[in-house]
Amino acid sequence: MNTTLTIPHSASPIEEEILDIIRAGLDHSDPKGWIPWAWSVLAREGDVPAVLCDDHGDEYARLLLTLAGLGRLYELFVEVHLGGYASGEIMTDLLHEGWPHMTVIELARYCEQRGIYDSDLPETESGLQNAAIEEHTDAVRRRLVEILGEWHLYTSLVHAATPEPLPDFSEDDVADEEELDDDSAIVPDGDVNSPTVEQEHQLVFDQIPLPFETAIVFDSSDGRSYEWLRGDLDLG
């Protein structure tokens, strides 16, 4: 399924304070901004609001867990993509008093409504949170497949997980950099309103999926991450 999405990139759809608590629980950073992009895909379909901030009332628990599910999906995919296994412990901590976290009461109320329980005994707050994140990880994976198709979702994650090549520096570049002192006024090249690096990558995510021959070159798992993404999230 070839799907081209047009999503505005003028600002991040998620407030930085909220993204920070998701990123803090990830072993693999998201420098290209796949997580905010995936949120925008869901927002386009009306599954979540276009902007995630502090004004969502009783919906906030669901939205925060959805975001955590996107983070978890990204984390597990990168792990499998690099040749590992999708079995890492959840390190995300969503439970604290005060925004941008949610309270234990908000989590418990939401999980009771959704029939989500901690399978380990005795039940713990973190166990209940992790059960909810796992459920949302599977839910967002299935929903993104519905919206994008398996191949577009896969190639977007491959692009996100592929490191940028190191820049080539010449001796002249090094000399020019050494000439700059702390008082130098550095004026960026080009339009000051031009897209950021993250926004440029998000534009790439929107494009028609990469051909198989291109994507598979960057898949260090020999296609195992594609098979994993298509099937049970517990499989490594």
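Keep in mind that this is a model prediction, so the values were computed, not measured.
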(request) Under the side-chain hydrogen bond (donor to acceptor under 3.5 Å, both in side chains) rule, what do Ser156 and Trp37 come out as? Steps first, then yes or no, please. (result) CA-CA 10 Å; Ser156 74; Trp37 174 78; over 6 Å; no
(request) Begin with the C-alpha distance, continue with both residues' side-chain angles, and end with the deciding distance and a verdict on salt bridge (Lys or Arg N to Asp or Glu O under 4.0 Å) for Glu59 and Arg62. (result) CA-CA 6 Å; Glu59 273 280 274; Arg62 177 183 73 85; 2.6 Å; yes
(request) Any chance you could lay out the side chain to side chain contact (heavy atoms under 4.5 Å, CB included) test for His136 and Arg114, step after step, and finish with the verdict? (result) CA-CA 11 Å; His136 277 269; Arg114 292 289 300 268; 4.1 Å; yes
(request) Take Val80 and Tyr85, measure what side chain to side chain contact (heavy atoms under 4.5 Å, CB included) needs, and give me the verdict at the end. (result) CA-CA 5 Å; Val80 176; Tyr85 295 89; 5.9 Å; no
(request) In sequence, state the C-alpha distance, the side-chain angles, and the governing distance for Leu64 and His101, and then conclude on side chain to side chain contact (heavy atoms under 4.5 Å, CB included). (result) CA-CA 8 Å; Leu64 187 58; His101 298 83; 5.6 Å; no
(request) Mind running side chain to side chain contact (heavy atoms under 4.5 Å, CB included) on Leu107 and Leu94 for me, showing each step along the way? (result) CA-CA 9 Å; Leu107 173 68; Leu94 306 177; over 6 Å; no
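Between the CD atom of Glu135 and the CG atom of Asn130 there is a distance of 13.0 Å, given to the nearest 0.5 Å. The line from OG of Ser40 to CD1 of Ile14 is 7.0 Å long, rounded to the nearest 0.5 Å. Of the inter-residue distances, the one linking Asp58 atom CG with Tyr110 atom OH reads 12.5 Å to the nearest 0.5 angstrom. In this structure, Leu148 CG and Glu45 CD are separated by 8.5 Å, a value rounded to the nearest 0.5 Å. Here the OG atom belonging to Ser126 is positioned 7.5 Å from the CG atom belonging to Asp118, to the nearest 0.5 angstrom. Put simply, CD1 on Ile147 and CZ on Arg142 are 12.0 Å apart, with the number rounded to the nearest 0.5 Å.
The minimum heavy-atom distance linking Gly71 with Leu26 is given by the pair O-CD2, 3.5 Å. Scanning all heavy atoms of the two residues, the minimum distance from Ala108 to Leu128 falls at CA-CD2, 4.1 Å. The nearest pair of heavy atoms linking Ala50 to Pro13 is O-CB, 3.2 Å. Scanning both residues, Trp34 and Ala160, for their nearest heavy atoms gives CB-CB, 3.7 Å. Leu76 and Gly88 get closest at one heavy-atom pair: CD2-N, 4.4 Å. The two residues Thr92 and Gln129 come nearest to each other via the heavy atoms O-NE2, 2.9 Å.
Using a cut-off of 4.0 Å between Lys/Arg side-chain N and Asp/Glu carboxylate O, Glu106 and Arg109 are scored as not salt-bridged.
Ring planes of Phe77 and Tyr154: perpendicular class, angle over 60° (limits at 30 and 60°). Taking the six-membered ring where tryptophan is involved, the planes of Trp151 and Tyr226 are perpendicular, since the angle between them exceeds 60° and thus also 30°.
In this structure, Tyr117 is not a member of the same hydrophobic cluster as Met102, with clusters built from ILVMFWY side-chain heavy atoms closer than 4.5 Å. One hydrophobic cluster, built from ILVMFWY side chains closer than 4.5 Å, cannot hold both Met91 and Leu19; they sit in different ones.
Applying the salt bridge (Lys or Arg N to Asp or Glu O under 4.0 Å) criterion to Glu123, with sequence neighbours excluded, gives no partner residue. Arg143 is linked by a salt bridge (Lys or Arg N to Asp or Glu O under 4.0 Å) to Asp47, Glu146, counting only residues two or more places apart in sequence or in another chain. Partners of Glu16 according to the salt bridge (Lys or Arg N to Asp or Glu O under 4.0 Å) rule, which considers only residues two or more places apart in sequence or in another chain, are Arg23.
Side chains of Asp93 and Leu95 form a contact here, defined as non-hydrogen atoms less than 4.5 Å apart. Side-chain contact check for Ile35 versus Leu73: every heavy-atom pair is 4.5 Å or farther apart.
Trp39 places a side-chain N or O within donor-acceptor distance of the main-chain N or O of Pro49, the cut-off being under 3.5 Å. Proximity of a side-chain donor or acceptor of Glu75 to a complementary backbone N or O of Asp27 within less than 3.5 Å is detected. A side-chain donor-acceptor contact under 3.5 Å links Tyr60 to the backbone of Pro100. Looking only at distances, no side-chain donor or acceptor of Lys32 sits under 3.5 Å from a matching main-chain atom of Ala161.
With Arg72 as the partner, the salt bridge (charged side-chain N to carboxylate O under 4.0 Å, His left out) test is satisfied by one option alone out of Glu89, Glu134, Glu79: Glu134. Tested against Arg141 for a side-chain contact (heavy atoms from CB on, under 4.5 Å), the candidates Thr137, Leu144, Asp138 yield a single pass: Asp138.
Other residues, nucleotides and ligands contribute more than 12 heavy atoms inside 6.0 Å of the CD atom of Glu17.
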